[in-house]
Structure formats: structure tokens, C-alpha cells
Trainee: 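What follows is a structure written as C-alpha cells; I'll ask about it next.
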Amino acid sequence: MSQQDTTAPGPYPLPPWKRAVIKVGSALIAPDGRGVSTRYLLPLARLIAEKQREGKEIVLVSSGAVAAGQVFHAKSRPGARSLVEKQALAAMGQTSLIQMWSRFFDFPCAQILLTHDDILHRKRFVNAKNTLLTLIGMGALPIVNENDTVAVEELKVGDNDNLAAHVAVLIEADLLLIFSDIDGLYTADPRKHPDAELIRTVERVDASVLARAGGSGSSVGTGGMITKLQAAAKAADRGIDTVILNGKRGQAIDHLLNEQADGTFFQRTAQPQAAKKHWISHALPVQGRIVVDAGARRALLEDGASLLPSGVLDCSGDFQRGDAVAVVFRDSTGDQQLGKGIVQYNHADLLQIKGGQSSAIRERLGYAYTPVIIHRNDLVTQTTDTTAEETV
Ligand code: GLU
């Protein structure tokens with residue numbers, strides 16, 4: 001695991017921040033698996049109100065619509081529901097959720113429902129951003145959830161941890177607070193290993209940190225530690241700190257009131273990715289895979305070059321021009337991902353032009369868009385890809 005401090009005894013002082021996304025998981029909203037309970041929300045609401053009074057800007061990402069909707073549908077049990085049933089429960093539960101949050105505050109709450117499409121498409125992204133920032137300017141509390149009614153398959157972000165990270169990027173937050181029912185990231189799964197230690201700070205969420213997370217821990221929400229780490233990686237790459245903390249522990253909230261992170265603190269990177277590269281790394285889904293030779297690997301990683309057809313050995317996946325693909329180097333130990341980029345030719349075209357010179361593209365295809373397969377400005381190397389395996 002990369003540099004982290006497991007020995008620090010107490011809470012970690014938060015770097016100064018102005019704008020935060022606070023994500024509250026279903027386990028806190030519906031501790032009994034259904035309905036909405038004030039039990040853990042009251043202290044969280046106090047935290048939000050106090051921070052707003054101090055002049056901080058907050059956007060809340062609240063899960064729990066499906067769980068809240070459960071009370072209207074006695075026969076459905078968690079785990080035994082079709083997607084469309086969950087969507088219906090979310091639609092019923094969402095109103096209870098907003099009503100519950102609204103009761104706590106003397107400023108207005110605003111409901112924002114988003115899908116992955118809203119993050120992927122520039123115009124919708126900018127529209128969402130403008131609305132959110134205007135609401136903040138008006139002193140309202142935007143409350144975001146996934147638009148479960150329309151979010152099926154490719155439209156889904158899938159979990160609210162990753163959604164919260166996208167929202168943090170969208171509003172250019174400096175802090176992402178993820179409240180769950182676990183104290184933070186442990187050295188091992190604490191439910192199976194009682195001697196597991198809480199990790200207080202993580203400098204970089206790389207593939208080895210992601211590999212350490214188990215599956216979904218609670219039976220109520222859709223995430224787990226893996227989606228929280230993906231969220232932290234997304235945020236860090238855009239210059240946003242993340243804290244994962246236990247919303248069931250009043251003490252963790254008290255510490256936050258004093259600007260102390262009592263959980264696991266994930267440090268932002270010192271060199272944040274530019275918006276376009278971040279979008280490629282963390283928002284675009286991978287639609288295929290391009291296998292390159294050793295010469296191309298060197299050119300991409302050491303010289304910062306574009307990928308040319310001559311360096312392509314093979315490709316797979318039904319990708320179209322403009323899709324994101326993984327660029328890999330293959331040897332006897334398997335595939336090593338070198339980067340991720342936007343491809344200029346579709347799968348069928350690339351099969352015809354791979355291995356050849358750029359000057360031969362027109363001859364082979366009858367047309368040529370560009371001499372490169374992936375332009376260097378559309379390629380991200382040395383990144384943690386957080387778009388894979390997002391749960392539904
Ligand atoms: N959108 C889902 C809900 O409100 C929650 C997804 C999640 O828990 O990550 O019920």
C-alpha cells in the first residue's frame with residue numbers, strides 16, 4: 001500500500017476549506033433498512049447548519065431514497081427487487097427524504113437529481129454547475145441524488161460515493177466528506193480481522209489501495225469501501241481532499257465542528273489533472289482495449305507522444321470513434337494498463353490500419369480523420385482508472 005500513516009493516534013487537522021460536498025449514506029438515513037430516521041441525521045444537520053453559518057458552502061449528496069420508499073411497499077425486501085421496482089421505490093422515497101432534510105433547516109433545500117449523462121456531456125455539466133452555484137449563492141442547500149427514475153445501465157453513476165465525487169469536481173469543491181457507518185479505511189476488513197487498524201491518512205489512492213477494499217459492507221446502500229476509495233481517487237486527482245468517517249459516531253461530527261478529521265483523510269494530489277484529463281480518467285467509461293508494442297509503450301510513457309497506428313498490435317471491444325479505450329502492454333504475465341484515451345478510429349477501422357504507417361490510413365480505409373490513433377492531449381497515463389466496476 002502506498003505511503004500512509006497508520007500510527008497517528010488522533011484526528012487529523014483539516015486543511016482550510018471553503019466549499020464541501022457532504023455525502024450521507026443510506027445506512028445513516030435508514031438504520032433499520034427502511035424509512036427515514038432522524039437518529040443520525042440530526043447531528044449531521046447541525047454540522048451543515050454550523051458550517052454554513054461560518055460562511056462555508058455546502059452541497060449535500062443524500063442516499064436513502066430506495067430505503068425510504070421501502071415503507072410504502074411492504075412486500076419488497078432488500079435483495080429481492082428488480083431494477084424497475086427499486087426505481088419506483090426511489091421515486092416514492094425521494095419525497096420523504098427531502099421532506100426530512102428540509103425540516104432541519106431554516107434555509108431552503110433544493111432537490112437536484114443527476115445521471116451519469118449529466119456529467120459526461122459538457123452542456124449538461126455546465127448547466128448543472130451553474131444551477132448548483134446559483135443555489136449556493138442564494139443561501140440554499142442543494143441536495144443531490146441520482147435520478148433513479150431514468151438511470152438504467154449506461155445512464156447510471158451507480159452509487160452515491162462516486163456521484164458525490166463528480167459533484168465535488170462539478171462545483172470545484174475543496175473537500176469531500178463521506179459519512180458512512182464505518183470509521184474509515186482499515187488495514188484489513190475489521191469485521192473479519194479484529195486487529196485491523198484504522199488508517200488515518202492516505203497520500204495516494206493507487207491500484208494497491210483500491211485492491212485492499214472489500215465489497216459492499218451494508219445491506220442498505222449500494223456502495224462499499226471500493227466506491228468510497230474510487231470517490232477519493234477522483235477527488236484527489238482534481239485537487240480535492242476527502243475524508244471517510246462514521247456518521248454514527250457523534251464524536252466524529254464534534255471533531256469536524258472543530259475542523260478535525262476523525263476518520264481516514266485522503267490527501268489531494270499536489271498536481272491536479274486539468275479538467276479534460278480528469279474527465280477522461282474518471283468520467284468516460286472504457287469501451288475497449290488497444291494493445292501496443294514496446295516501442296509505443298516507450299513513446300507514450302517516456303516521450304509523451306501520441307499513439308500511432310504502427311505501434312498498435314491488436315484491439316478489442318466494440319468501440320466507436322470518440323470513445324475512451326484502455327491502452328495496454330501485453331506480456332506473459334498479462335495486461336499492464338499504460339493509460340486511457342479517446343480513440344480516433346472505431347474498432348473495425350483500427351483492425352485494418354493497425355501496424356501500418358499513418359500515411360497508409362487513407363489507402364486502407366478510403367478516408368483518414370487524423371494520422372494518430374490517440375492524440376497525446378487525449379491520453380492520460382499514470383492514472384487510477386475509477387470508472388471500472390461501479391456497482392448498480
Ligand atoms: N440513489 C440511491 C438511493 O437514493 C442510493 C445509491 C447509493 O446508496 O449509493 O437510494
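A quick note: this is a predicted structure, and the numbers were derived from the prediction, not measured. The first residue of the sequence shown is numbered 1, and numbering continues consecutively from there.
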Trainee: Using the ring of each side chain (for Trp, its six-membered ring), is Phe104 parallel, tilted or perpendicular to Trp101, with breaks at 30° and 60°?
Mentor: perpendicular
Trainee: Specify the closest pair of heavy atoms between Asp181 and Lys248, including all atoms of both residues, with the distance to one decimal.
Mentor: CB-CE, 3.8 Å
Trainee: Begin with the C-alpha distance, continue with both residues' side-chain angles, and end with the deciding distance and a verdict on salt bridge (charged side-chain N to carboxylate O under 4.0 Å, His left out) for Arg191 and Asp189.
Mentor: CA-CA 5 Å; Arg191 290 162 302 178; Asp189 185 344; 2.9 Å; yes
Trainee: Would the distance check show the side chain of Thr115 and the main-chain N or O of Ala151 forming a donor-acceptor pair, the cut-off being under 3.5 Å?
Mentor: no
Trainee: How far does CG of Asp241 sit from OG1 of Thr269, to the nearest 0.5 angstrom?
Mentor: 10.5 Å
Trainee: Should the pair Tyr345 and Tyr369 be assigned to parallel (<30°), tilted (30 to 60°) or perpendicular (>60°) ring geometry?
Mentor: tilted
Trainee: Are any of the side-chain heavy atoms of Cys315 and Lys354 separated by less than 4.5 Å?
Mentor: no
Trainee: Please determine, by modelled atom types, if Lys234 and Asn162 share a side-chain donor-acceptor pair under 3.5 angstrom.
Mentor: yes
Trainee: Using the rule that two of Ile, Leu, Val, Met, Phe, Trp, Tyr join whenever any of their side-chain heavy atoms come within less than 4.5 Å, decide whether Leu185 and Leu245 are in one cluster.
Mentor: no
Trainee: For the pair Lys23 and Asp161, evaluate salt bridge (charged side-chain N to carboxylate O under 4.0 Å, His left out) and give the outcome as yes or no after the intermediate values.
Mentor: CA-CA 7 Å; Lys23 188 263 174 176; Asp161 298 320; 2.9 Å; yes
Trainee: Run the numbers on Lys276 and Asp378 for salt bridge (charged side-chain N to carboxylate O under 4.0 Å, His left out), then give the verdict.
Mentor: CA-CA 8 Å; Lys276 185 179 178 188; Asp378 295 337; 2.6 Å; yes
Trainee: Within this structure, what is the CD1-CG distance for the pair Ile244 and Asp183, rounded to the nearest 0.5 Å?
Mentor: 11.5 Å
Trainee: Taking side-chain contact (heavy atoms from CB on, under 4.5 Å) as the criterion, tell me which of Asp262, Leu47, Val243, Leu44 meets it with Leu256.
Mentor: Leu47
Trainee: Closest approach of Ser63 and Leu97, non-hydrogen atoms and distance?
Mentor: O-CD2, 3.3 Å
Trainee: Going by side chain to side chain donor-acceptor pair (under 3.5 Å), name the pairs with one or both residues in residues 304-329, residues two or more places apart or in two chains.
Mentor: Arg321-Gln344
Trainee: State plainly whether one hydrophobic cluster holds both Leu176 and Leu132, where clusters connect Ile, Leu, Val, Met, Phe, Trp and Tyr through side-chain heavy atoms under 4.5 angstrom apart.
Mentor: yes
Trainee: Calculate, to the nearest 0.5 Å, the distance between atoms CZ and CG belonging to Arg19 and Leu133 respectively.
Mentor: 5.0 Å
Trainee: Checking Glu259 against Trp17: is there a side-chain donor and acceptor pair closer than 3.5 Å?
Mentor: yes
Trainee: How about Arg289 and Asp335: do any of their side-chain heavy atoms sit closer than 4.5 Å?
Mentor: yes
Trainee: Could you give the distance from CZ (Phe265) to CD (Gln260), rounded to the nearest 0.5 Å?
Mentor: 11.5 Å
Trainee: Any chance you could measure Gln99, atom CD, to Gln94, atom CD, to the nearest 0.5 Å?
Mentor: 11.0 Å
